[in-house]
Amino acid sequence: MEDAGFILGSYALVFGVVAAYSWRVLRSARRAARRVADAEKYWT
Amino acid sequence: MTTLDPDERAAEQAARSGAPNSADTATAGTRALGLATIVAMGWLVAFGLFFSPADYQQDEAVRLLYVHVPTIWAAYLAFVVTAVASGLYLFRSEHRLGWDRLAGASAEIGVVFVAVTLAVGAMWGRLTWGVFWQWDARLTTTALLFVTYIGYLAVRRLGGSHHQRARRSAVIGLLAVLLLPLVHWSVRLWRSLHQEATVLDTDLDPDIEGLMAFSLFVGVVAFTLLYAWLVVHRTRALFMEDQLDEQGLEVALAARRAEAVDTGEDR
């Protein structure tokens with residue numbers, strides 16, 4: 001594949017950013033969840 | 001004597017009080033959504049990188065469009081949701097903070113997607129135009145969109161009560177969304193280096209077909225699912241952060257009252 005470096009690098013960037021942001025969202029959610037009672041969580 | 005961090009202390013206090021707090025933001029629905037997202041992303045990689053053909057003009061660089069276009073599509077969706085949720089908070093009599101949290105969560109995700117769009121767009125520009133950046137209409141208005149919503153997120157952190165936050169954010173959310181048609185139609189309004197819309201064009205005659213169209217469609221579906229998954233988790237997390245804010249305020253008020261009583265007794 002021509003320009004494989006740019007193309008593969010771009011896909012890696014996209015999925016890397018998505019994975020990092022998703023991990024950050026889940027981590028902050030888990031930290032908050034430990035401090036809030038289940039009864040107060042409207043989705044449980 | 002051991003020292004506990006705030007999370008461990010909170011978890012210990014909850015255990016002592018008997019109130020269960022083990023559930024996080026995941027539910028059966030979000031797990032299904034997450035799995036669908038992962039499968040769709042796998043298809044995107046397969047079709048985007050391997051099964052779809054090279055373009056006769058752009059050659060292999062066309063493969064970047066299968067992530068570039070879906071990310072900006074998802075960002076548009078996110079900012080429209082922010083605007084709608086802002087309107088629902090502001091103009092309904094009950095002023096429910098749930099709408100404000102949805103608006104905030106959606107805007108945050110939209111900002112991440114626009115950042116990715118700009119980064120991948122720069123790579124594509126390097127391959128096709130020979131430069132990472134040009135101050136042309138589409139790129140400039142997209143950069144303006146990015147900065148505007150960063151401003152929106154900054155305004156949300158200014159402090160004050162949750163309703164004060166919600167009110168000022170809602171006004172900005174409703175105004176900022178007006179940039180979307182400007183960004184989308186910038187290639188028509190001004191002479192732009194950036195190509196015109198491939199699918200959402202005025203003549204509604206997509207300039208893409210076959211496996212390339214399908215790869216683009218898979219990308220749009222994948223990033224829409226990703227947006228949905230992220231917004232549910234982030235909105236729930238914001239709900240819990242607001243709950244903790246309120247609890248912290250109540251504890252601080254109770255401590256202040258106790259202090260005032262003690263001071264009174266000392267006199």
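In this text the structure is predicted, and so the values were computed from the model without any measurement. By convention in this document, chain letters (A, B, ...) are assigned in the order of the sequence lines, proteins followed by strands, and residues within each chain are numbered from 1.
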* Please state whether the side chain, the backbone, both or neither of B:E108 comes within less than 4.5 Å of a heavy atom of chain A. => both

* Structure fact -> In short, B:L225 meets B:A40 closest at the heavy-atom pair CD1-CB, 4.0 Å

* To do: Decide yes or no on ring pair (Phe, Tyr, Trp, His ring centres under 6.0 Å) for B:Y66 and B:F47, but give the supporting numbers first.
  => CA-CA 9 Å; B:Y66 306 136; B:F47 278 91; 9.5 Å; no

* **Side chain / backbone / both / neither for A:R24 at chain B, heavy atoms under 4.5 Å** => side chain

* To do: Can you tell which part of B:I109 gets under 4.5 Å to a heavy atom of chain A, answering side chain, backbone, both or neither?
  => both

* Top contributor to chain A contacts, counting heavy-atom pairs under 4.5 Å, from B:T117, B:V45, B:L64 -> B:L64

* Using non-hydrogen atoms only, which part of B:T27 is less than 4.5 Å away from chain A: side chain, backbone, both, or neither? -> side chain

* Structure fact -> When the 4.5 angstrom heavy-atom criterion is applied to B:A61 and chain A, the contacting part is backbone

* Nearest-0.5 Å distance that lies between atom CG in A:D38 and atom CG in B:D24 -> 9.5 Å

* Structure fact -> Greatest number of non-hydrogen atom pairs under 4.5 angstrom with chain A, of B:M123, B:R236, B:H233, falls to B:R236

* To do: Look at the side chain of B:T30 and the backbone N and O of B:A26, then say whether any donor-acceptor pair between them is shorter than 3.5 Å.
  => no

* Side-chain ion pair, B:R165 and B:D245, N-O less than 4.0 Å -> no

* To do: Inspect the contact between B:R234 and B:E241 and indicate whether a charged nitrogen and a carboxylate oxygen are less than 4.0 angstrom apart.
  => yes

* Asked: A:T44 versus chain B, heavy atoms under 4.5 Å apart: side chain, backbone, both or neither?
  -> side chain

